[in-house]
Amino acid sequence: NLVRATGANVANYLIGLGTVANNNYDITLLVDNFAITKRPIIITADSNQHKTYGDADPARFTFTVEALGASRGLIANDQTIPNNQMSAFTGILQRAIGENAGSYAINQGTVANPNYEIAYVSKDFVVNKAQLRASGTMEYSGQIDFASANLTVTGVTINGVTETLTATGVATMATKNVQVNQAPLSNAGLTIQNKTVGGRTFLASNYEDLAEADTSLTVTRKLVTLTAPVLTKTYDGGYNYNMTAADLNNMSAQTELNGDLKLVGGDRVSSATVAFADKDAGINKVVNLSAVTIDDGNGGLNYNLSLDN
């Protein structure tokens with residue numbers, strides 16, 4: 001038999017005379033090579049490889065190797081780790097550059113084995129959108145709308161920097177009343193927009209729509225000072241005065257220095273206890289205001305009320 005140089009990797013191996021012989025002949029071997037060519041194989045990047053915006057990439061992108069077939073596919077003994085097809089190859093898959101939400105092709109990168117002719121099938125690596133968080137506090141306004149100006153919208157933290165975005169519009173609360181860390185009824189009226197901070201622009205497109213469950217709203221009591229109204233009565237020997245509907249309406253319509261109503265959202269004074277400082281007839285007498293009931297749909301608890309004579 002002819003023999004060849006030892007070796008199993010892709011290469012040309014010299015064919016030698018080996019044991020071929022005949023005592024009646026002086027044999028001269030015309031030298032040639034025995035060629036081991038690369039074995040065809042298909043490597044396919046695994047589907048459904050992904051991360052969420054702001055997270056690190058996986059330590060390694062994975063792939064599937066074509067199984068052993070006729071003169072093609074992976075030879076099991078080439079695996080350096082049992083039952084680990086990827087261990088038959090050096091190098092790693094690499095993906096297209098980019099960190100924003102979207103799809104990026106997974107490329108062959110440096111994956112190789114000199115004994116295989118690799119046909120590579122690419123798949124996409126997906127950067128999914130991250131979740132936003134929003135919180136805010138505003139003073140009771142008498143409305144179910146929560147103004148976006150009072151919201152702070154935050155995203156992920158990357159390299160120690162927490163992304164913030166701009167909100168416009170209004171969130172709709174389940175109730176107009178004072179509340180602490182409550183989710184809104186709907187964020188449909190809010191629009192989240194890009195925001196530039198220190199020369200860096202944070203993109204709203206990297207985030208899912210702001211969910212109600214990820215929004216925390218607080219409404220605090222409105223600070224209000226109500227003043228005793230100007231009153232007139234006929235001397236009756238007493239100090240007390242029975243407030244009329246007109247008197248209550250006048251108290252309900254009291255305004256701040258800027259002209260805004262003190263009581264908002266249609267809230268009104270439904271009753272008040274007043275008394276003159278003395279019982280005698282006269283003008284410019286002090287009227288003491290000792291108690292007020294506000295009809296605000298919340299037992300008056302939407303206001304932090306002070307009374308002034």
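Quick note: numbers below take in every heavy atom, side chains included, and nothing from hydrogens, waters or symmetry partners.
Just one residue in the list Val111, Val121, Asn113 forms a side-chain contact (heavy atoms from CB on, under 4.5 Å) with Ile43, and that residue is Val111.
Put simply, the side chain of Asn187 gets close to the backbone of Leu210: a donor and an acceptor are under 3.5 Å apart. For Asn258 (side chain) and Asp260 (main-chain N/O), a donor-acceptor pair under 3.5 Å exists by modelled atom type. Checking side-chain atoms of Asn302 against main-chain N and O of Val178 turns up a donor-acceptor pair under 3.5 Å. Between the Thr110 side chain and the Gly91 main chain, no donor and acceptor come within less than 3.5 Å of each other. At least one donor-acceptor pair closer than 3.5 Å links the side chain of Lys262 to the backbone N or O of Thr225. Using a distance-only test at 3.5 Å, with no hydrogens or angles considered, a donor-acceptor pair links the side chain of Asn206 to the main chain of Ala101. For Asn298 (side chain) and Gly300 (main-chain N/O), no donor-acceptor pair under 3.5 Å exists by modelled atom type. Using a distance-only test at 3.5 Å, with no hydrogens or angles considered, no donor-acceptor pair links the side chain of Thr273 to the main chain of Ser290.
Asp267 and Tyr303 are linked by a side-chain donor-acceptor pair at a separation below 3.5 angstrom, with hydrogens and angles left out of the test. There is no side-chain donor-acceptor pair under 3.5 Å between Thr44 and Thr64. Between the side chains of Thr166 and Lys195, not a single donor N or O lies within less than 3.5 Å of an accepting N or O.
Considering every non-hydrogen atom in both Ile294 and Leu263, the closest pair reads CD1-CD2, 3.9 Å. Among all heavy-atom pairs drawn from Phe125 and Asp57, the shortest one is CE2-OD1, 3.8 Å. Between Lys233 and Asn240, the shortest heavy-atom contact is NZ-O, 2.8 Å. When all heavy atoms are compared, the tightest approach of Ile192 to Ala204 is O-CB, 3.6 Å.
Here Asp214 pairs with Arg133 in a salt bridge; the nearest charged N to carboxylate O distance falls below 4.0 Å.
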Kindly indicate, with the supporting measurements, whether the criterion salt bridge (Lys or Arg N to Asp or Glu O under 4.0 Å) is fulfilled by Arg200 and Glu163. CA-CA 10 Å; Arg200 180 180 174 185; Glu163 297 191 353; 3.4 Å; yes
With salt bridge (Lys or Arg N to Asp or Glu O under 4.0 Å) as the criterion, how do Arg39 and Glu66 come out once you've worked through the C-alpha distance, each side chain's angles and the decisive distance to 0.1 Å? CA-CA 11 Å; Arg39 187 179 185 90; Glu66 182 182 2; over 6 Å; no
Please test Asn288 against Tyr239 for side-chain hydrogen bond (donor to acceptor under 3.5 Å, both in side chains), starting from the C-alpha separation and ending with a verdict. CA-CA 10 Å; Asn288 296 316; Tyr239 296 88; over 6 Å; no
Starting from the C-alpha separation in whole Å, work towards a yes-or-no answer on side-chain hydrogen bond (donor to acceptor under 3.5 Å, both in side chains) for Asp46 and Thr62. CA-CA 6 Å; Asp46 291 336; Thr62 60; 2.6 Å; yes
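A cation-pi arrangement is present between Arg95 and Tyr104, with the terminal nitrogen or guanidinium carbon under 6.0 Å from the aromatic centre and inside a 45° cone about the axis. Cation-pi geometry between Arg4 and Tyr13 is met: the NZ or CZ atom falls under 6.0 Å from the ring centre, inside 45° of the normal.
Between Tyr120 and Phe63, the distance from one ring center to the other does not fall under 6.0 angstrom.
Residues Leu190 and Leu203 do not share a hydrophobic cluster, defined by chaining ILVMFWY side chains whose heavy atoms lie under 4.5 Å apart.
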